[in-house]
Visitor: 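This is the structure I have questions about; it appears just below.
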Amino acid sequence: MNKPLRRIAIFCGLLVLALLIRDNWLQYVKADSLREDPDNRRVLIARYATPRGDIIVDGKAITGHAETTSGDFKYKRTYKDGAMWAPVTGFVSQAYGATQLESIEDGILTGTDDRLFFRNTLDMLTGKPKEGGNVVTTLSAAAQKAAYDGLKKQGGKGAVAAIEPSTGKILALASYPSYDPSTIAGGSDSDAEAWKKIDKKNNPDDPSLNRALREVYPPGSTFKVVTAAAALENGLYKSADEQTDSPLPWTMPGTTTQLKNEGNIPCKNATMRVALQYSCNTVFGKIGSDLENAKMLEEAKKFGFTEEQFTPVRSSASVFSDDMNKSQTALSSIGQYNTAATPLQMAMVASAVANNGTLMKPYMVDSLQAPNVDTLEKTEPEKMSEPLSPENAQILQSMMETVVQKGTGTTAQIQGVTVGGKTGTAQHGENNSKNPYAWFISYAKVGDSAPVAVAVVVQDDNAVRENISGSGLAAPIAKSVMEAVIDSKK
Amino acid sequence: MSSSTSNTSTHHTSTIGAIGAPSRRNTELALLVFAVLIPVFAYANVGLAINDQVPAGLLSYGLGLGLLAGVAHLVVRKFAPYADPLMLPLATLLNGLGLVAIWRLDQSKLLQQLHVAGGKATNQLIYTAMGIALFAVVLVFLKDHRVLQRYTYISMVGALVLLLLPLVPGLGANITYGAKIWIQVGSFTIQPGEFAKIVLAVFFAGYLMVKRDALALASRRFMGLYLPRGRDLGPIIVVWMISILILVFETDLGTSLLFFGMFIIMLYVATERTSWIVFGLLMSAAGAVGVASFEPHVQTRVQAWLDPMREYTLSRNPNGDGMVHSEQAMQALWAFGSGGTLGTGWGQGHSELIRFAANSDFILATFGEELGLAGLMAILLIYGLIVERGVRTALAARDPFGKLLAIGLSGAFALQVFVVAGGVMGLIPLTGMTMPFLAYGGSSVIANWALIGILIRISDTARRPAPAPAPSPDAEMTQVVRPS
């Protein structure tokens, strides 16, 4: 009986060997892919096991963390003035993941970034708990507050983007209505409830949409600044005060349709300065038509159209169509037809003009810090393009300043400060059936330098239609943002 | 029956030799000290990792485990002095580590909310005491394992009764969904299958010892295989049918596989006919395929084995196919993977994510995660060693009944370890049995201590020096061969 016994012994040995091989396969060969599997909850547990680093504005954290009492996640994110800062921070939630800055800089904030490896190893050896690093933003708390409060006071929906023209630093990025990311930071039932409320399916106001970066609106008359730049750059007109070839009424080429102006304004053969002052559709429509699609598109692209911007949070690409005929180009050149822009894009337009023709790449992360506030990485201002020569930029500035001094943008005047701007009222809906968007783009100049350029869009479905204008709804908000920046620089 | 490999002796001896192996009781005692100290250190380690302090119960826990091991050792020393010195320490070590892991899972808030953890370690310590008591009873009252031969057919009836108890209305308890293998007596729940394993091994050993010649020799050769006669084959078919029936009615794939495998092993050893293995494999394959074709429970298990991630996703977002999906298989794989080579360390893993079976069927995942590949291989090797000592006992046993019983019990033990560990690690479909000694559960611990007791009894008989020849009138005519 011993021969089969030995064979059974070998068989049992093989069973154990099979288990050992399988164990090595699981815990050695496949260990890393199993450990890092995003569905493996340990990944999330580790992520929330240590306090997350902060997002910092003006030296103060606008985020924080709290210990959770239930569940297996130890810490959760908290936000100060969450609704105001949501377009900047995005959110990080135990249940719903992370978005925007919280997601892009997650490695730094959780402390798992490779650049923190040495420090983490040191901490592990000395027994110190792991900490996250900080993200220092370029934003200005005062500008952000002015922007958000302005939108909130206005009601309706809207967004503000403000940039420092000389560097491209984003100073304000507001969207209204907004949501408080704190309410969805956890994983409890109340977080699920809050999540449901901000979900687009349940809330037509779509508060989680970052309108400053991710929504494109027809820019309306504010786009005339781009058209004027194209006219100057292409030598169609040499100065602001040169009489243009602009018949009134003007029938768009290849059609029998007359392009209309808003009201009875002096547009016939008007100079560009006067045309911008009164916002003449006929003048700028004809400029676009005369320059034709290719030249208009080229200029729009120089301002940043058709491309997504990475601030590092991605913005949607603004639209200026390719392959349009003359009349379509004419409509696009006054910000209608297919033209659409993000508030950030229009702030970039204003900022390029204010910065004497040079467009700086917009960014909102100034630096990344290790937990001990050593700087790991600093963003240097970067030139993006030169949509205008300095001379033409000066011409355009004087035109935009005229708009604020005695044109449609007088509501944005600030005592003792040179303000240039452009209003816009963009048609919205089939046959202009919905309430239009009120736009205002502007910059402020103190002495020779321009500390701020800003774009505001307001969509107020409840306002009386006749009262909607860039000047009435959007310009006061732009004014308060500019004032806030100037005051904080004093 | 040529048996030339008696253990532990440095020089070559025959197992029938009057000079036996040294008793090795002191070796056992020394090993037991380690078997108690290692879990005590592990216990302190868990406490430090989870609560930053040495657990308050360390002293009582250490004393409790030490006392139980000491009692077991004294019983062995007194009643089975020549027993294998490794089995008791190995079982004690596994039992002790199991207690630590159960206590560690007791601390999990998640498992406490599911009412599957909290105070389980105390229960398990009581079960362990009961197990060691049964171990002692076996050694004290079973002076010679051959006595069990007398109970061959009673054992058969007993095993069948035990197996079918969970199907009795009012007695069967549905503890968790899936297999119906528990019975409830008062507030106690018992898994009779664990005890049936031992009783059935006694029946098989007794039956095969009587029938082995008929099964081995009275057969016709057919296509290179030896086919037995119908009347000899009958009982095997009956056992096969019963194991399939258990599977169908109790949805317990593991137990039926275990019994059938145990039977085939013992049959093969008894008859030395390879054809039995072939038959066994064919029949189990036919049975498994047949059952899997109409038993949704088994189908789910096979699907979960083939694609655990899909099963995980389905358990999160049911697609309305009416099946119960479980994320456990995938959670266990994540636990093993997250442990990696060296593990997270005691108390620092998250195997509670496996949820309600974390301290029973899936306790191996906790070891895998917190002790890593290194620790889990050690655990598997300890199991391998226990089996190896059991097979050695079978080799050394002097009587065919003892050989069969020892190989049956150690074969069943090996199969159980393989089926459970293989299932938890995703090597084979999951069957829902428990790791002997490690997992939480009274029946399992008590039955396995009894199993170790019987093996120790057989090994004691096997290694005991033959009694000095009785003075006999024929003494001069008898030659006693004494090897040098």
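Naming: A, B, ... by sequence-line order, numbering from 1 per chain. This is a predicted model, so every value here is computed, not measured.
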Visitor: Which one of B:S108, B:A414, B:G340 has the most heavy-atom pairs closer than 4.5 Å to chain A?
Guide: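 Looking at each option in turn, the highest pair count goes to B:G340.
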Visitor: What part of B:Y312 is in contact with chain A, defined as an atom under 4.5 angstrom from a non-hydrogen atom: side chain, backbone, both or neither?
Guide: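 Side chain only.
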Visitor: Applying the side-chain hydrogen bond (donor to acceptor under 3.5 Å, both in side chains) test to A:R52, which of A:T63, A:T110, A:T78, A:D106 qualifies?
Guide: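 Going through the options one by one, the only one that passes is A:D106.
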Visitor: Answer with side chain, backbone, both or neither: which region of B:L110 has an atom nearer than 4.5 Å to a non-hydrogen atom of chain A?
Guide: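 Contact with chain A: none, neither part.
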Visitor: If you count heavy-atom pairs under 4.5 Å with chain A, which of B:V417, B:L373, B:V387, B:L333 comes out on top?
Guide: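 Looking at each of B:V417, B:L373, B:V387, B:L333 in turn, B:L373 comes out on top.
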Visitor: Need one label for A:I45: side chain, backbone, both or neither, based on atoms under 4.5 Å from any heavy atom in chain B.
Guide: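 Contact with chain B involves the side chain of A:I45 alone.
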Visitor: Would you mind telling me which of A:N24, A:V16, A:I8, A:L19 has the largest number of heavy-atom pairs within less than 4.5 Å of chain B?
Guide: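 Most heavy-atom pairs within the cutoff with chain B belong to A:L19.
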Visitor: Could you check whether B:Y383 and B:E388, counting side-chain N and O atoms only, form a donor-acceptor pair closer than 3.5 Å?
Guide: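 The criterion, which ignores hydrogens and geometry beyond distance, is not satisfied for B:Y383 and B:E388.
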Visitor: Report yes if the distance between the aromatic ring centroids of B:F204 and B:F263 is under 6.0 Å, otherwise no.
Guide: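 That pair passes the under 6.0 Å test.
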Visitor: Among A:D206, A:T342, A:V216, find the one that has a side-chain contact (heavy atoms from CB on, under 4.5 Å) with A:R211.
Guide: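 In the set A:D206, A:T342, A:V216, the residue that makes a side-chain contact (heavy atoms from CB on, under 4.5 Å) with A:R211 is A:D206.
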Visitor: Shorter than 4.5 Å, heavy atoms on both sides: which option in A:K30, A:R35, A:K3 has the most such pairs with chain B?
Guide: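 Maximum pair count with chain B is reached by A:R35.
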Visitor: Considering only heavy atoms, which portion of B:A406 lies under 4.5 Å from any heavy atom of chain A: side chain, backbone, both, or neither?
Guide: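 Neither part.
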Visitor: Do the side-chain N and O atoms of A:D191 and A:S93 include a donor-acceptor pair separated by under 3.5 angstrom?
Guide: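 On atom types as modelled, these side chains do not qualify, holding no pair under 3.5 Å.
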Visitor: Does any heavy atom of chain A fall under 4.5 Å from the side chain of B:R212, the backbone, both, or neither of them?
Guide: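 For B:R212, the side chain is the part near chain A, not the backbone.
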Visitor: Are A:N2 and B:K403 linked by a side-chain donor-acceptor pair shorter than 3.5 Å?
Guide: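 There is such a pair (donor and acceptor under 3.5 Å, judged by atom type) between the side chains of A:N2 and B:K403.
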Visitor: Check for me whether the distance between the ring centres of A:F91 and A:W85 falls short of 6.0 Å.
Guide: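 No; A:W85 has its ring centre 6.0 Å or more from that of A:F91.
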Visitor: Go through B:K109, B:M330, B:M309 and name the one with the most non-hydrogen pairs under 4.5 angstrom from chain A.
Guide: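 It is B:M309.
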